[in-house]
Amino acid sequence: MRSVPPASGSGPSTGAILLFLFAWPFFVLYWWANPDARPQWVRQLIELVKTFPKLSAGIGIAVGLGLVIGGLANNPSENFPASIAGVVAVAVCGGLLWWQLARERAAAAAQIAARADAQHAAYLRGEDFGIYGTNDLPEL
């Protein structure tokens, strides 16, 4: 029986996979310390996350759920690392989304408190804004 030679470029070699697994933290640290050395796709990804943080967290949650479901649906004993990675992605992205929403709620509450303080100060000065709150918000 003749053996079929493997197709060239059939996938990454074991060495490339191990290099990626062990080297990516060093690249991240290097790019963190030297922002000008980042590749264009890394800069674009960072800008996308900064521009749309809630959307990015939602996409991370969706990808994590996909990893969890895919890992559990396709032979869970072999795909356990994918399921764990999915759970971690869902937890991290869910926490970031919760933190972003909490910041937005705190900013809205601070805005309401600032308006109440401005109305109280206007009331103490005897202005109509302090009583009815219908005038434009004065400079704080």
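Hydrophobic cluster membership is shared by Val88 and Leu96, with clusters built from Ile, Leu, Val, Met, Phe, Trp and Tyr side chains linked at under 4.5 angstrom. Under the 4.5 Å side-chain contact rule for hydrophobic residues, Tyr30 and Val42 share a cluster. In this structure, Leu48 is a member of the same hydrophobic cluster as Leu55, with clusters built from ILVMFWY side-chain heavy atoms closer than 4.5 Å.
Residues Ala89 and Gly60 approach most closely at CB-O, 4.3 Å, considering heavy atoms. Across every non-hydrogen atom of Arg43 and Asp36, the tightest pair is NH2-O, 3.5 Å.
Every residue was checked against the side-chain hydrogen bond (donor to acceptor under 3.5 Å, both in side chains) condition with Arg103, not counting sequence neighbours, and none meets it. Contacts of Glu104 classified as side-chain hydrogen bond (donor to acceptor under 3.5 Å, both in side chains), with partners at least two apart in sequence or in another chain: Lys54.
Taking CD of Gln100 as the reference point, atom OG of Ser56 lies at 10.0 Å (rounded to 0.5 Å). Note that NE2 of His120 and CZ of Arg125 are 10.5 Å apart. Values are rounded to the nearest 0.5 Å.
Listed by chain and number, the hydrophobic cluster partners of Leu101 are Ile61, Leu65, Val90, Leu97, where partners are ILVMFWY side chains within reach of under 4.5 Å, directly or through others.
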